[in-house]
Number of protein chains: 2
Amino acid sequence: MKIDENIARHYNLTEEDIALTMSGYVPMKLKANDFFLQEGEVADYIGFVTKGLLRSYVYDDFANEITSDFFPENTLIISFDSFNNRVPAKEYIKAIEDSELMVISYEKQKELYQKIPAWNLICRDLADYKSREMIERAKKFQMMSATERYQNFCTEHPDLLQRTTLGTIASYIGVDIATLSRIRKKI
Amino acid sequence: MKIDENIARHYNLTEEDIALTMSGYVPMKLKANDFFLQEGEVADYIGFVTKGLLRSYVYDDFANEITSDFFPENTLIISFDSFNNRVPAKEYIKAIEDSELMVISYEKQKELYQKIPAWNLICRDLADYKSREMIERAKKFQMMSATERYQNFCTEHPDLLQRTTLGTIASYIGVDIATLSRIRKKI
DNA sequence: TAACGATTTTGACTTTTGTCAAATAATCAA
DNA sequence: TTGATTATTTGACAAAAGTCAAAATCGTTA
């Protein structure tokens with residue numbers, strides 16, 4: 001969602017387009033454990049993480065927090081479902097570390113969609129990218145053992161190992177925390 | 001991708017828009033076991049299944065076919081990745097039953113994107129929908145046991161139980177076929 | 001620094017799932 | 001209809017993963 005030169009060029013954004021886009025974004029600061037979004041709310045903002053780390057999660061039947069995604073710096077937080085369709089969010093999004101974002105409100109984003117047609121295209125491609133990411137994630141569960149999923153996590157997110165708890169990672173890769181502890185010892 | 005009245009109204013498509021869209025689509029017939037797309041090819045078509053059933057799959061390290069998705073009638077086959085970005089497909093898409101589709105070529109679809117801006121919006125929403133579907137799929141692996149995944153499959157796709165093999169379903173829900181056979185007996 | 005809480009590890013055990021091979025059952029084409 | 005092929009079930013066993021509870025470790029703050 002950050003408009004860097006490559007994106008601007010790729011989608012043929014004019015200087016005015018970029019200026020208008022920039023004017024819609026505002027900074028947001030969150031302390032660790034602050035919510036960016038809570039289950040049941042309609043997402044008011046989507047945005048880009050410039051600093052820090054957030055995670056999204058849901059609760060399972062036993063009231064355990066199941067982490068569904070991590071948002072470190074330079075990633076987008078696009079709960080398009082809730083944001084675009086104005087429906088209640090199914091997940092919580094909470095800061096793990098003190099974080100800084102650039103966010104845009106629904107009203108402003110709607111303005112961008114209308115005034116800058118390329119924005120529909122950008123968001124189409126973003127949603128497409130997201131869906132491919134999720135296809136890959138599902139495929140990992142489908143085809144990898146718990147050990148392989150952990151190893152894959154380590155290579156894909158080496159930094160997160162230091163920045164969040166084992167329990168959070170365990171729920172993200174769908175493994176019991178005691179089992180994950182043993183997997184780590186074994187490797 | 002089928003332009004029914006609701007879609008036309010929702011996206012404010014004019015009569016001409018609809019006529020132009022329709023003119024881009026052509027029927028395609030596939031016999032059982034024919035490929036709609038093969039790994040390594042760039043997707044020439046996206047389309048809508050009007051009759052029959054297809055599936056997408058990849059190969060794992062042991063040359064087993066791992067089914068990633070089913071496409072029964074009234075579903076879209078949108079390998080947006082390969083289609084939009086002109087990159088080689090990662091999966092095979094093959095007809096399980098004799099099938100009929102309405103498909104559109106890349107060139108024609110590009111024309112629609114340009115001449116009918118709403119098409120970018122439609123595809124944005126389709127990609128968004130797809131990403132949510134995949135998020136749900138990943139979440140099922142993350143939070144459900146093999147038995148629960150099978151039960152969920154039965155309620156979500158009751159018809160497919162009759163229309164494809166156990167082995168195909170087993171790979172789709174990520175369970176060994178012998179295990180799935182036992183799960184079925186137990187239930 | 002001591003003490004508290006949260007996180008991680010460990011032990012002993014159970015349950016779930018996978019593996020391999022053989023036996024049935026079902027399907028399809030000659 | 002009959003083989004041949006493919007799909008499914010079953011048995012015996014092994015490996016992977018989960019459960020529960022206790023211990024060890026770590027980090028924070030009073």
Side-chain angles (χ1 to χ4, degrees), chain A residues 31-34 53 55 57 59-67 70 94-98 138-154 157-187, chain B residues 31-34 52-53 55 57 59-67 70 94-98 138-154 157 159-187:
Chain A
K31 290 214 171 301
N33 297 315
D34 283 354
L53 174 63
R55 62 186 260 260
Y57 63 90
Y59 285 96
D60 71 8
D61 298 340
F62 308 102
N64 301 309
E65 292 180 0
I66 307 295
T67 295
F70 292 101
K94 196 192 222 182
I96 291 178
E97 305 170 353
D98 294 351
K139 213 167 274 176
K140 278 164 199 157
F141 279 112
Q142 199 180 356
M143 302 175 68
M144 289 181 177
S145 68
T147 303
E148 289 169 325
R149 294 203 300 280
Y150 176 68
Q151 289 173 321
N152 175 260
F153 181 90
C154 293
H157 315 279
D159 50 314
L160 295 190
L161 287 170
Q162 267 62 50
R163 296 168 72 186
T164 188
T165 67
L166 255 205
T168 301
I169 294 171
S171 84
Y172 180 72
I173 63 174
V175 177
D176 184 88
I177 179 166
T179 300
L180 181 55
S181 178
R182 293 194 172 91
I183 285 171
R184 281 153 57 91
K185 199 170 62 163
K186 201 182 58 192
I187 291 173
Chain B
K31 289 214 172 303
N33 297 316
D34 283 354
L53 173 63
R55 62 186 259 262
Y57 62 91
Y59 285 97
D60 70 9
D61 299 339
F62 308 102
N64 301 309
E65 292 181 0
I66 307 295
T67 295
F70 292 102
K94 195 192 222 183
I96 292 177
E97 304 171 354
D98 293 352
K139 212 168 275 176
K140 278 163 198 157
F141 279 112
Q142 199 180 356
M143 302 175 68
M144 289 181 176
S145 68
T147 303
E148 289 169 325
R149 293 204 299 281
Y150 176 67
Q151 289 174 319
N152 174 260
F153 182 89
C154 292
H157 315 279
D159 51 313
L160 295 190
L161 287 170
Q162 269 62 50
R163 298 168 71 186
T164 188
T165 68
L166 255 205
T168 302
I169 294 171
S171 84
Y172 179 72
I173 63 174
V175 177
D176 185 88
I177 180 164
T179 300
L180 181 55
S181 178
R182 293 191 172 94
I183 284 171
R184 281 154 57 91
K185 200 170 59 161
K186 202 182 57 191
I187 290 176

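Residue numbers start from 1 in every chain, and the chains themselves are labelled A, B, ... in the order their sequence lines are given, proteins ahead of strands. Small disclaimer: the values here were computed from a predicted structure and weren't measured.
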As a quick check of understanding, evaluate side-chain contact (heavy atoms from CB on, under 4.5 Å) for B/L166 and B/R184, giving each step before the final call. CA-CA 10 Å; B/L166 255 205; B/R184 281 154 57 91; 3.5 Å; yes
Over 60° means perpendicular and under 30° means parallel, so classify the ring planes of B/Y59 and B/Y57, tilted if in between. perpendicular
Expressed in angstrom and rounded to an integer, what is the separation of [X] atom [atom1] from [N] atom [atom2]?
X: B/R163; N: C/dA26; atom1: CZ; atom2: P; result: 22 Å
X: A/L161; N: C/dT8; atom1: CG; atom2: C1'; result: 14 Å
X: B/N64; N: C/dG18; atom1: CG; atom2: C1'; result: 13 Å
X: B/Q162; N: C/dA26; atom1: CD; atom2: P; result: 14 Å
X: B/Y150; N: C/dT16; atom1: OH; atom2: C1'; result: 18 Å

What are the two closest non-hydrogen atoms of [X] and [Y], and how far apart are they?
X: B/G167; Y: B/I177; answer: CA-CD1, 3.6 Å
X: B/G174; Y: B/R149; answer: O-NH2, 3.4 Å
X: B/K94; Y: B/N33; answer: CE-O, 3.4 Å

May I ask you to evaluate whether B/K185 reaches the phosphate of D/dT10, defined as a side-chain N or O under 4.0 Å from OP1 or OP2? yes
Which part of the nucleic acid, if any, lies within reach of A/S181 when heavy atoms closer than 4.0 Å are counted: base, sugar-phosphate only, or nothing? base
Given the rule in the side-chain contact (heavy atoms from CB on, under 4.5 Å) test, do A/T67 and A/T164 qualify, once you have shown the distances and angles that lead to the verdict? CA-CA 11 Å; A/T67 295; A/T164 188; over 6 Å; no
To the nearest 10 degrees, what angle separates the axes at the start and end of the helix from C/dT1-D/dA30 to C/dA30-D/dT1, five pairs each? 40°
Side-chain contact test, heavy atoms from C-beta onward, threshold under 4.5 Å: evaluate it for A/I173 versus A/N152 and give yes or no. no
A/Y172 pairs by ring-ring contact (aromatic ring centres under 6.0 Å, His included) with which of A/F141, A/F70, A/Y150? A/F70
What's the separation between atom CZ in B/F153 and atom CE in B/M144, rounded to the nearest 0.5 Å? 13.5 Å
Across nucleotides 15-30 of chain D, 5' to 3', mark each nucleotide with B, S or - according to how protein heavy atoms within less than 4.0 Å reach it. --SBB-----------
As a test of reading the structure: which of C/dT7, C/dT9, D/dT8 is closest to the side chain of A/R184, going by heavy atoms? C/dT9
